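In what follows, every chain begins at residue 1, and chains take the letters A, B, ... in the order their sequences are listed. No experiment lies behind these values; they were computed from the predicted model shown. Values below: all heavy atoms of this structure, side chains included; hydrogens, waters and symmetry mates excluded.
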Amino acid sequence: MRESFRTPQNPSPQYDHTVRTKMRNSITLPEAEVQKLLSENVKHVIRIKMPESETVQFTDLIRGTLSFNTSLTDDKVLLKADGMPTYHLAVVVDDFLMQITHVFRGEEWLPSAPVHVLLWKYLFGMDAMPQWAHLPLILGPNGKLSKRDGAKYGFPVFAMNWTDPATGELTEGFREKGFLPEAFINLLAVLGWNDGTEQEIFTKAEMIGKFSLERIHSGGAKFDYEKAKWFNHEWIKRLSAAALRQEVKPVLLKKGIDIPDEHQLDKVIALIKDRCQLLNDFVEQGYFFFSVPEKFDVEAVKPKWNEAKQLFFAELVRHFELISSWNEHALESEFKEMAAVHKIKPGELLLPFRIMLVGGKFGPGVFPVAELLGKQETISRIKHFLELLK
RNA sequence: GGCCCGUUGGUCAAGGGGUUAAGACGCAUCCCUUUCACGGAUGAAUCACGAGUUCGAUUCUCGUACGGGCUACCA
């Protein structure tokens with residue numbers, strides 16, 4: 001039928017009051033014929049017969065009063081030929097049975113709302129009908145956000161990993177990408193809603209207290225992955241090391257990083273969390289605390305390396321060995337005093353020292369790093385690097 | 001094509017007849033940091049268009065344009 005009515009002007013013909021009298025159905029067939037077919041169990045579908053021209057009006061909690069003319073919506077299939085109900089029938093019956101009071105769904109359901117309202121009227125009465133709220137859509141780079149967008153643009157679209165049962169294709173979730181649950185809920189809540197103040201970071205408790213239907217936008221909101229990462233970064237910065245530990249530890253373990261001491265881990269987390277946007281960033285920002293760096297950026301040091309510096313570090317090792325209270329302040333003053341004695345600017349020495357400890361031009365302050373690494377490991381890395389330079 | 005919903009910087013957005021039209025992300029510059037971040041400061045950038053109502057429209061009304069959704073025996 002769809003095919004025969006399709007024209008260039010109307011690419012999607014409807015099954016409505018204008019065509020139902022031309023179809024082979026219980027309206028056009030003689031009653032006796034209908035009964036006969038029924039008794040023979042001939043496959044058939046059951047549709048809703050939309051009124052020819054009525055206005056269906058209802059209140060949407062977000063958009064206000066909405067009205068539709070029934071002549072424009074088609075006779076939706078309610079029961080399929082295999083006996084299974086379609087969503088239209090199922091959702092109404094299910095909501096009635098569960099005594100649902102409020103229906104929150106995406107804006108894409110708006111066009112079928114009149115069908116559902118009519119079904120409520122016909123089946124259970126308008127008094128039992130829940131209140132409707134059609135939420136704005138989350139948009140991707142082109143239109144409604146779809147799981148395809150995730151693969152296409154490199155950001156997650158589902159909360160957690162999802163494997164398409166049909167194709168076996170895996171879509172990486174926010175969780176696996178390294179997002180905190182707090183951040184995920186937060187970023188979703190403020191996509192299309194705000195509390196009217198400048199606050200953007202909300203705890204779950206705050207959101208429960210402040211969320212209001214009235215302040216939900218009616219227009220769709222485009223998802224911005226950069227801002228999503230910002231939310232996660234904010235949450236990482238705010239959460240304590242102890243709170244972060246349960247999320248960070250599995251990530252590190254999964255990368256084969258050995259964590260013998262949780263207190264040590266907490267200190268590492270506290271030191272590096274400000275520079276981690278996603279949980280996975282803890283790996284590259286922190287792995288060198290647990291094992292010797294895989295490679296050292298020797299090239300960054302070599303050009304400016306000389307005998308004086310070689311001597312400085314050799315002596316630094318001897319001085320460090322004698323330090324009784326191993327903390328960043330003691331290390332820093334020792335380091336700087338020695339630099340003065342050797343008449344080398346500390347700036348000339350700091351970068352090589354950093355690379356000896358962490359492997360490259362990144363990471364937290366060198367002295368806190370050295371403190372956390374401990375005397376033995378710090379000295380061993382200096383010696384190791386001095387060997388590399390030869 | 002038809003129907004429905006929408007439209008404030010690139011993005012998320014506050015505001016709602018008279019404002020220098022908030023703030024955030026991102027971007028740029030600078031400060032701090034003897035790395036990279038964090039942090040701080042500054043800057044560029046916006047009311048889709050046209051009528052109407054009005055002393056005055058970003059704000060109200062109507063059109064147009066644009067965007068999105070729906071148009072399956074999917075949900």
Rounded distance in Å between the C1' positions of B:A48 and B:G43: 26 Å
Among B:C5, B:C70, B:C38, find the nucleotide with the atom closest to the side chain of A:Asp274. B:C38
If I take atom CZ in residue A:Phe367 and atom C1' in nucleotide B:U35, what distance separates them, rounded to the nearest angstrom? 12 Å
Could you write out RNA chain B as a dot-bracket string, with dots for unpaired bases, | for bases paired across to another strand, and Watson-Crick or G-U pairs counted at under 3.5 Å? (((((((..(((.....[....))).(((((.......)))))....(((((..]....))))))))))))....
Using a cut-off of under 3.5 Å, enumerate the N/O to N/O pairs linking the protein to nucleotides 11-13 of chain B.
{"from": "B:C12", "atom 1": "OP1", "to": "A:Lys222", "atom 2": "N", "distance (Å)": "2.9"}
{"from": "B:A13", "atom 1": "OP1", "to": "A:Gly192", "atom 2": "N", "distance (Å)": "2.8"}
{"from": "B:A13", "atom 1": "O3'", "to": "A:Asn194", "atom 2": "ND2", "distance (Å)": "2.8"}
{"from": "B:A13", "atom 1": "O3'", "to": "A:His217", "atom 2": "NE2", "distance (Å)": "3.1"}

Set of residues satisfying side chain to side chain contact (heavy atoms under 4.5 Å, CB included) with respect to A:Lys121, sequence neighbours excluded: A:Glu54, A:Leu118, A:Met126
Distance check needed: B:A37 C1' versus A:Gln277 CD, whole Å only. 11 Å
Could you tell me how far B:A75 sits from B:U19 if I compare only their C1' atoms? Round to whole Å. 47 Å
For the C1' atoms, the ones on B:U53 and on B:U61, what distance do you get once it is rounded to whole angstrom? 7 Å
Below 30° counts as parallel, above 60° as perpendicular, anything between as tilted: where do the rings of A:Tyr87 and A:His116 land? perpendicular
For B:C32, decide between syn and anti, treating a glycosidic angle within 90° of 0 as syn. anti
A:Leu350 near the nucleic acid: base, sugar-phosphate alone, or nothing, with a heavy-atom cut-off under 4.0 Å? base
Might you confirm whether atom NZ of A:Lys49 has over 12 heavy atoms from other residues, nucleotides or ligands at distances under 6.0 Å? no
A:Trp230 has a side chain; which of B:C73, B:G26, B:G69 sits nearest to it? B:G26
Selected nucleotide, minimal atom distance to A:Leu351 side chain, candidates B:A75, B:C73, B:U35: B:U35
For A:Val45 and A:Glu348, take the nucleotide of RNA chain B holding the closest heavy atom to each; which residue's nucleotide lies nearer the 5' end? A:Glu348
Separation of atom CZ in A:Phe155 from atom C1' in B:C25, rounded to whole Å: 15 Å
Residues A:Lys309, A:Glu348: salt bridge by 4.0 Å N-O rule: yes
Salt bridge or not for A:Asp75 and A:Arg20, using N-O below 4.0 Å? yes
Is there a path of hydrophobic side-chain contacts, each under 4.5 Å between heavy atoms, that joins A:Leu78 and A:Leu97? yes
With sequence neighbours excluded, what pairs up with A:His233 under the side chain to side chain contact (heavy atoms under 4.5 Å, CB included) test? A:Lys237, A:Gln277
Checking contacts here: which listed nucleotide (B:C5, B:G23, B:A75) is nearest the side-chain heavy atoms of A:Arg63? B:C5
Integer angstrom distance from the P of B:U71 to that of B:A24: 41 Å
Which nucleotide in B:U34, B:C70, B:U35 has an atom nearest any side-chain atom of A:Pro346: B:U34
Angle between ring planes, A:Trp109 versus A:His88, binned at 30° and 60°: parallel, tilted or perpendicular? perpendicular
In whole angstroms, the gap separating P of B:C4 from NE2 of A:His134 amounts to 15 Å
Nearest-nucleotide pick for A:His233, side chain only, options being B:C73, B:C38, B:U35: B:C38
Give one of base, sugar-phosphate or nothing for A:Pro136, where a contact means two heavy atoms less than 4.0 Å apart. nothing
From NZ of A:Lys229 across to C1' of B:C27 the rounded distance in Å is 15 Å
How far, in whole Å, is B:A14 from B:U8 if one measures between their P atoms? 10 Å
Any non-hydrogen side-chain atom of A:Phe312 less than 4.5 Å from a side-chain atom of A:Leu349? yes
Scan A:Lys237 against the nucleic acid and name what it touches under 4.0 Å (heavy atoms): base, sugar-phosphate only, or nothing. sugar-phosphate
Rounded distance in Å between the C1' positions of B:A57 and B:A21: 13 Å
Determine the interplanar angle of the A:Tyr153 and A:Phe155 rings, folded into 0 to 90°, and report it as parallel if under 30°, tilted if 30 to 60°, perpendicular if over 60°. parallel
Minimum side-chain heavy-atom gap A:Phe353-A:Phe335 below 4.5 Å: yes
A:Lys361, nearest nucleotide to its side chain (from B:U35, B:C3, B:A75): B:U35
Under a 4.5 Å cut-off applied to non-hydrogen side-chain atoms, are A:Ile269 and A:Phe289 in contact? no
Is the distance between the ring centroids of A:Trp326 and A:Phe320 under 6.0 Å? yes
Measure from NZ or CZ of A:Lys302 to the centre of the six-membered ring of A:Trp305 and say whether it is under 6.0 Å with the direction within 45° of the ring axis. no
A:Glu226 vs A:Tyr87, nearer the 5' end of RNA chain B by closest nucleotide: A:Glu226
What is the separation between atom CD on A:Glu108 and atom P on B:G6, rounded to the nearest whole Å? 16 Å
Report, one line per pair, each donor and acceptor closer than 3.5 Å where one atom sits in a side chain of residues 181-193 of chain A; sequence neighbours left out.
{"from": "A:Asn186", "atom 1": "OD1", "to": "A:Phe202", "atom 2": "N", "distance (Å)": "2.9"}
{"from": "A:Asn186", "atom 1": "OD1", "to": "A:Trp235", "atom 2": "NE1", "distance (Å)": "3.0"}
{"from": "A:Asn186", "atom 1": "ND2", "to": "A:Glu200", "atom 2": "O", "distance (Å)": "3.0"}
{"from": "A:Trp193", "atom 1": "NE1", "to": "A:Ser212", "atom 2": "O", "distance (Å)": "3.3"}

Which part of the nucleic acid does A:Gly363 contact within heavy-atom distance under 4.0 Å: base, sugar-phosphate only, or nothing? base
Using the P atom on both, measure B:A13 against B:C25 and round to a whole Å. 15 Å
Can you check the A:Leu145 CG to B:G67 P distance for me, whole Å? 19 Å
Does a side-chain N or O from A:Lys144 land closer than 4.0 Å to OP1 or OP2 of B:C70, or not? yes
Where do N or O atoms of nucleotides 60-64 of chain B meet protein N or O atoms at under 3.5 Å, pair by pair?
none

If we take the P atom in both B:U64 and B:C5, what is their distance in whole Å? 15 Å
Please report the distance, rounded to the nearest Å, between CZ in A:Arg354 and C1' in B:U33. 10 Å
Closest to the A:Glu234 side chain, choosing from B:C73, B:G39, B:C5: B:G39
